[in-house]
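Encoded as structure tokens, the structure appears first; notes follow it.
As the structure is a prediction and not an experimental result, all values here were calculated from the model. Values below: all heavy atoms of this structure, side chains included; hydrogens, waters and symmetry mates excluded.
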Amino acid sequence: MSDPMSDPMSDPMSDPMSDTSPCMNCGACCSGLRVSFYWAEADDAPGGLVPVALTESVSLHLRCMKVDDRESWRCVALEGRVGVSVSCAIYPLRSSTCREFDPYDADGRPQEACNRARARHGLLPLRQGRGGVVADPGS
């Protein structure tokens, strides 16, 4: 079994918390989207990692991350200021939903869900390619 504190992603461009990722100065997906996942991913289940104290029940089989308030849907694990500088307090222990959310698809195109979340916070959309470059205001 692998160490849960080590992240399997070795490519910094595919790691949302690397210094080169647009996620480090965004956080829009963590403030506006409910993060639901299978209940056994929480640490009160054998092999679960997500701190159960930061979750709440959605249904018999699903949990979600708690939020600061129902208006913003800001995840309680999100630290920092959206659009400026953010981090995840439980990054190595985050749910599969968070692990699988990538701002880019396999072809390097920005994910629509990411750009919709960014737009809700007044942030510029990501453009083609990896590397954290956002669209120029004049483009």
Side-chain angles (χ1 to χ4, degrees):
M1 182 175 201
S2 65
D3 175 10
M5 296 303 285
S6 65
D7 199 300
M9 297 181 178
S10 58
D11 176 9
M13 299 308 281
S14 64
D15 180 352
M17 291 294 113
S18 76
D19 289 338
T20 58
S21 171
C23 299
M24 293 303 295
N25 63 4
C26 183
C29 64
C30 305
S31 185
L33 302 175
R34 182 172 83 174
V35 178
S36 298
F37 50 91
Y38 184 58
W39 70 270
E41 290 188 53
D43 64 5
D44 63 342
L49 298 175
V50 181
V52 71
L54 301 181
T55 72
E56 57 188 46
S57 179
V58 173
S59 69
L60 183 61
H61 299 289
L62 292 176
R63 292 185 191 213
C64 68
M65 293 301 295
K66 288 182 179 177
V67 294
D68 284 342
D69 66 76
R70 298 285 182 200
E71 196 170 310
S72 72
W73 289 93
R74 182 186 169 103
C75 177
V76 296
L78 182 64
E79 297 178 331
R81 186 169 163 210
V82 173
V84 178
S85 179
V86 294
S87 63
C88 176
I90 63 163
Y91 186 72
L93 308 174
R94 68 199 188 284
S95 72
S96 61
T97 306
C98 297
R99 289 177 189 277
E100 294 167 5
F101 192 89
D102 192 319
Y104 298 99
D105 66 18
D107 296 328
R109 291 186 306 256
Q111 291 282 359
E112 287 182 34
C114 177
N115 277 340
R116 280 193 307 269
R118 292 177 64 85
R120 280 193 299 274
H121 291 276
L123 302 174
L124 295 172
L126 296 179
R127 63 179 182 187
Q128 181 77 21
R130 292 186 175 268
V133 180
V134 294
D136 296 320
S139 60

Closest non-hydrogen atom pair, [X] against [Y]:
X    : Y    : answer
H121 : A117 : CD2-O, 3.2 Å
L123 : A28  : CD1-CB, 4.4 Å
V86  : C23  : CG2-O, 3.2 Å
D43  : P51  : OD2-CA, 3.4 Å
Y104 : R127 : CE2-O, 3.4 Å
L126 : P22  : CD2-CB, 3.7 Å

To the nearest 0.5 Å, what is the distance between [atom1] on [X] and [atom2] on [Y]?
X    : Y    : atom1 : atom2 : result
C88  : R94  : SG    : CZ    : 7.0 Å
I90  : S95  : CD1   : OG    : 7.5 Å
R120 : C29  : CZ    : SG    : 9.5 Å
C30  : F101 : SG    : CZ    : 8.5 Å
T97  : R63  : OG1   : CZ    : 13.0 Å
C98  : L33  : SG    : CG    : 10.0 Å

Through direct or indirect side-chain contacts below 4.5 angstrom among Ile, Leu, Val, Met, Phe, Trp and Tyr, which residues connect to Y38?
W39

Main-chain N/O of Q111 paired with D105 side-chain donor or acceptor, under 3.5 Å:
no

Would you say D107's side chain and R109's backbone share a donor-acceptor pair under 3.5 angstrom?
no

Any side-chain heavy atom of [X] sitting closer than 4.5 Å to one from [Y]?
X   : Y    : answer
T55 : M65  : yes
S31 : L78  : yes
V82 : R74  : yes
C26 : R118 : yes
D68 : V76  : yes

Do L54 and F37 share a hydrophobic cluster (ILVMFWY, side-chain heavy atoms under 4.5 Å, transitive)?
yes

Is there a side-chain contact (heavy atoms from CB on, under 4.5 Å) between V35 and C75 once you walk through the steps?
CA-CA 8 Å; V35 178; C75 177; 5.6 Å; no

